[in-house]
There are 2 protein chains.
Amino acid sequence: MAEAKDDTIANRISRALADRIISGSIEPGARLRQDHIAEEFGSSHVPVREAFRRLEAQGLAVSEPRRGVRVAAFSLGEVKEVAEMRAALEGLALRQAGPNMTAAILDQAEEATRAGDKSHDVRSWEEANRTFHRLILTPCGMPRLLAAIDDLHAASARFLFAAWRQEWESRTDHDHRAILAALRQGQIEVAASALARHVQWIGKKPVRTGSGATREAFAIIG
Amino acid sequence: MAEAKDDTIANRISRALADRIISGSIEPGARLRQDHIAEEFGSSHVPVREAFRRLEAQGLAVSEPRRGVRVAAFSLGEVKEVAEMRAALEGLALRQAGPNMTAAILDQAEEATRAGDKSHDVRSWEEANRTFHRLILTPCGMPRLLAAIDDLHAASARFLFAAWRQEWESRTDHDHRAILAALRQGQIEVAASALARHVQWIGKKPVRTGSGATREAFAIIG
DNA sequence: GGGATTAAAATTATCTATAAAATATGGCCG
DNA sequence: CGGCCATATTTTATAGATAATTTTAATCCC
């Protein structure tokens, strides 16, 4: 990898933990005990503490001094909040990216959409989805904005995994195609508002719980 | 203080460093040497490293592995970027805050504006300005959004200090008053777009450099 | 038998020490 | 006299150890 050089232990740990939190393999509210994690990664606890600080800044963990750090809980309200922030920021990014958009980028984005259609598990679908969004937004040339959007994507994905972990069905993503079509015609405003709507869509879906009953769950699609 | 209890050394250090970076008492690009800082705060370097990670996440410092941490440089492009992000996010926040707005909050905001008018130095003006924005946005009830806006405010303030450190003149802020007037009449959309424009305004101003020459500098007003 | 209290264990936050890497310095050779 | 290589110093990054606080658990009293 090209980033093998700037790979510090704290970075590796924070990425690994972020992945676990996002994929739901660690429950919300679960305690993250620095010594256990340090032992697992074969390091001391100092890089673990640094990783904690990054996760905290990303909103994936919350820390109470002297009482440890926990995986951040997330309510429907927070999911809506993240969705609205994404709508605002991705809309801005796409509007700025418009003038720099090329056909090559749109082709790559279309390929990413196809990859999402073909995927049979949440993980690869999420990967393709993120690729799509990143591709059409990167030309905005605003690194700070893109970094903020990336963090929001992580928070969204976390919810996506939680909601759809039990049953997952592949499906085509018409929204992505509509956005691409508008971009190809140079209709940036149309694409931007479609993207904003796409990202804010929060669906309801009955989910079977462990005890056999069904409850209303929420899911994002974008 | 109420927060005296959750005050860890790393928090104290990160706050102190953030204040210095924002106020410009540390130059952009300057190296932050952990042992020196640790010695200054009478601590070891471990909490200093944790503070670095937080500053990095806030965009106030950049870290290259094995090569140390530096105060983040900021170009006009980055200032514009932050301004656009603030416009998008503060607009969103104000629209959400609208329904929860009360006359009491607007009165407090007006008082903050008056305090800004009366202030004779950048620091107290910035304080009043931040108070104003926070007051009218807090009712949105979206903690993550407010935290993101706060970080962007810090980045803005940093530029404000840098641009206006040499000569500062107190002035009335008509934009704040216009926003308040719209809010009092319940015209949330008018207020939100006024806020977005207000935040994106970047002015040019001749500034005398140390060598006596004048150069064009940029400044934000909100 | 239940709630409160106290004692033990685990965990966090910090410091001191050590190893690895990068920058700066100085001498040597062309 | 200038460029280059080797050494030395500075600085980062990690490890191991210590003190204080929180959590857990068991005991005692009501």
Side-chain angles (χ1 to χ4, degrees), chain A residues 1-21 25-73, chain B residues 1-21 25-73:
Chain A
M1 291 293 175
E3 59 199 348
K5 232 18 186 312
D6 59 80
D7 208 31
T8 175
I9 291 183
N11 274 331
R12 259 201 303 278
I13 295 176
S14 92
R15 274 202 303 272
L17 290 180
D19 192 68
R20 287 185 203 174
I21 295 173
S25 85
I26 317 181
E27 295 277 310
R31 293 186 62 173
L32 296 173
R33 281 166 303 217
Q34 59 184 21
D35 283 5
H36 294 196
I37 294 168
E39 191 180 13
E40 179 192 339
F41 285 89
S43 75
S44 97
H45 57 259
V46 178
V48 175
R49 291 180 64 78
E50 294 183 36
F52 281 174
R53 282 288 134 74
R54 168 173 294 184
L55 294 173
E56 201 183 344
Q58 287 177 321
L60 294 176
V62 290
S63 147
E64 286 178 286
R66 285 272 161 207
R67 301 193 54 178
V69 43
R70 300 173 168 277
V71 176
Chain B
M1 289 295 176
E3 57 200 349
K5 232 10 182 319
D6 59 81
D7 209 30
T8 174
I9 291 182
N11 273 333
R12 257 201 305 276
I13 295 177
S14 91
R15 273 202 303 273
L17 290 180
D19 192 68
R20 287 185 203 175
I21 294 173
S25 85
I26 317 181
E27 295 276 310
R31 296 183 63 171
L32 295 173
R33 281 164 303 209
Q34 59 183 19
D35 280 7
H36 293 196
I37 294 167
E39 191 180 14
E40 179 192 341
F41 285 89
S43 75
S44 93
H45 62 257
V46 179
V48 174
R49 292 181 62 78
E50 294 184 36
F52 282 173
R53 281 290 136 78
R54 167 171 296 182
L55 295 173
E56 203 184 343
Q58 287 178 320
L60 294 175
V62 290
S63 149
E64 285 179 287
R66 289 272 161 208
R67 302 193 52 178
V69 175
R70 299 176 168 276
V71 176

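Convention: sequence-line order gives letters A, B, ...; per-chain numbering from 1.
Side-chain atoms of A:His45 stay outside donor-acceptor range of the base of C:dT11, with no qualifying N/O pair under 3.5 Å. A donor and an acceptor atom never sit less than 3.5 Å apart when one is taken from the side chain of A:His36 and the other from the base of C:dA10.
Rounded to an integer number of Å, the gap from B:Glu64 CD to D:dT12 C1' is 13 Å. If you measure from atom CD of B:Gln34 to atom P of C:dT16, you get 15 Å, rounded to the nearest angstrom. With rounding to whole Å, B:Glu50 atom CD is found 16 Å from D:dT12 atom P. What separates CZ of A:Arg49 from P of D:dA17 is a distance of 19 Å, to the nearest Å. The nearest whole Å value for the distance from the CZ atom in B:Phe41 to the P atom in C:dT14 is 14 Å. Atom CZ of B:Arg70 and atom P of C:dA22 are 14 Å apart (whole Å). For the pair A:Phe52 CZ and C:dT14 C1', the interatomic distance rounds to 16 Å; values are reported in whole Å.
Remark: B:Arg33 is in phosphate contact with D:dT11, judged by side-chain N or O atoms under 4.0 Å from OP1 or OP2. The shortest distance between the side-chain N/O atoms of A:Arg66 and the OP1/OP2 oxygens of C:dT11 is not below 4.0 Å. Look at B:Thr8 and you'll find a side-chain N or O under 4.0 angstrom from OP1 or OP2 of C:dT14. Checking the phosphate oxygens (OP1, OP2) of D:dT14, no side-chain nitrogen or oxygen of A:Ser44 falls inside 4.0 Å.
The backbone N or O of B:Val62 sits nowhere less than 3.5 Å from a side-chain atom of B:Arg70 that would complete a donor-acceptor pair.
The residue B:Ile37 sits apart from the nucleic acid: no heavy atom pair falls under 4.0 Å. Note on A:Arg67: only backbone sugar-phosphate atoms sit closer than 4.0 angstrom, heavy atoms only; bases stay farther off.
When each of B:Val46 and B:Arg31 is assigned the nucleotide of DNA chain D bearing its nearest heavy atom, the one mapping closer to the 5' terminus is B:Arg31.
The side chain of B:Asp35 lies closest to D:dT12, out of D:dA15, D:dT12, C:dT14.
Taking the charged nitrogens against the carboxylate oxygens, B:Arg53 and B:Glu56 do have a contact shorter than 4.0 Å, which makes a salt bridge.
Residue pairs satisfying the side chain to side chain donor-acceptor pair (under 3.5 Å) criterion with at least one member in residues 38-47 of chain B, sequence neighbours excluded, are listed as follows: B:Arg20-B:Glu40.
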Practice item. Run the numbers on B:Leu32 and B:Ile26 for side-chain contact (heavy atoms from CB on, under 4.5 Å), then give the verdict. Key: CA-CA 9 Å; B:Leu32 295 173; B:Ile26 317 181; 4.1 Å; yes
**Study point:** CA sep, side-chain torsions, deciding dist, call: B:Thr8, A:Arg66, side-chain contact (heavy atoms from CB on, under 4.5 Å)
**Key:** CA-CA 9 Å; B:Thr8 174; A:Arg66 285 272 161 207; over 6 Å; no
